[in-house]
Amino acid sequence: QVRLVETGGGVVQAGGSLRLSCAISGPIFRPQAWGWYRQVPGKQRDLVASMNTGGSIKYADSVKGRFAMSRDVAQNTLDLQMNNLKPEDTAVYYCAAAVGGWGLRVASYDYWGQGTQVTVSS
């Protein structure tokens with residue numbers, strides 16, 4: 001069974017940084033895309049960043065220049081470096097993997113982690 005586990009969430013002051021990691025394990029599968037999403041209670045799950053197999057990355061406008069997504073092929077992990085955090089970045093962050101192709105919609109992703117809470121205090 002494919003499993004994605006996020007770590008690295010926590011509480012940070014505005015202007016601070018956090019680094020999220022996502023460990024992917026389980027039977028061999030060939031994702032076509034990986035993504036980071038976030039969700040605030042009562043709202044939809046929104047794209048933060050998405051990467052395809054060619055290394056192209058799409059960022060949400062709200063995080064451009066502050067967040068950086070990367071992938072470690074050898075370790076089979078995804079990372080999200082978050083700098084200059086703002087209170088509006090507070091959310092549960094999820095990593096995801098898609099096998100059907102590169103898409104930005106939540107429905108494009110087949111496997112999800114359980115989420116990690118990020119809280120940014122003002």
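Looking at M82 and R19, their side chains never come closer than 4.5 Å, going by heavy atoms from C-beta outward. A heavy-atom distance below 4.5 Å is not found between the side chains of W36 and F67. No side-chain heavy atom of Q81 sits under 4.5 Å from any side-chain heavy atom of M69. Using a 4.5 Å heavy-atom threshold, the side chains of Y59 and D61 count as separate. In this structure, V48 and L80 have side chains that are in contact, with non-hydrogen atoms separated by less than 4.5 Å. R3 places none of its side-chain heavy atoms less than 4.5 Å from the side chain of Y111. When side chains are defined from C-beta on, R71 counts as touching M51, because their heavy atoms get closer than 4.5 Å.
Screening T119, L85, D89, T90 for a side chain to side chain contact (heavy atoms under 4.5 Å, CB included) involving V12 leaves a single residue, L85.
There is a side-chain donor-acceptor pair under 3.5 Å between W102 and S50. Side-chain polar atoms of R38 and S62 form a donor-acceptor pair below 3.5 angstrom. Side chain to side chain, N83 and S17 meet the donor-acceptor criterion of an N or O pair below 3.5 Å.
When all heavy atoms of I57 and A49 are compared, the pair lying nearest together is CG2-CB, 4.4 Å. Between S108 and A98, the closest heavy-atom pair is O-CB, 3.2 Å.
The cluster map of Ile, Leu, Val, Met, Phe, Trp and Tyr, joined by side-chain heavy atoms under 4.5 Å apart, puts V120 and V92 in different clusters. Under a hydrophobic-cluster definition in which Ile, Leu, Val, Met, Phe, Trp and Tyr are linked whenever side-chain heavy atoms come within less than 4.5 Å, directly or via other members, V2 and Y109 are assigned to different clusters. Following chains of ILVMFWY side-chain contacts shorter than 4.5 Å, one cannot reach W34 starting from Y94, and the two form parts of different hydrophobic clusters. In the hydrophobic clustering of this structure, V5 does not group with L20; members are Ile, Leu, Val, Met, Phe, Trp, Tyr whose side-chain heavy atoms approach within less than 4.5 Å, directly or through other members.
Atom CD of residue Q32 and atom CZ of residue R30 lie 9.5 Å apart, to the nearest 0.5 angstrom. To the nearest 0.5 Å, the span separating CD on E6 from SG on C22 amounts to 5.5 Å. C95 SG to L78 CG: the interatomic distance, rounded to the nearest 0.5 Å, is 6.0 Å.
The salt bridge (Lys or Arg N to Asp or Glu O under 4.0 Å) pairs that include a residue from residues 108-122 number zero, where partners must be two or more places apart or lie in different chains.
Q39 contributes no side-chain N or O that, together with a main-chain N or O of Q44, makes up a donor-acceptor pair within less than 3.5 Å. Side-chain N or O atoms of D72 include none that pairs as donor or acceptor with a backbone N or O of N76 at under 3.5 Å.
Ring pair W112/Y37: centre-to-centre distance below 6.0 Å.
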Criterion side-chain contact (heavy atoms from CB on, under 4.5 Å) on K58 and L47, from CA distance to verdict: CA-CA 9 Å; K58 167 70 175 178; L47 171 74; 4.2 Å; yes
Worked verdict on S21 versus D79 for side-chain hydrogen bond (donor to acceptor under 3.5 Å, both in side chains): CA-CA 4 Å; S21 291; D79 287 333; 2.7 Å; yes
Derivation and outcome, side-chain contact (heavy atoms from CB on, under 4.5 Å), residues L18 and V118: CA-CA 9 Å; L18 281 175; V118 171; 3.9 Å; yes
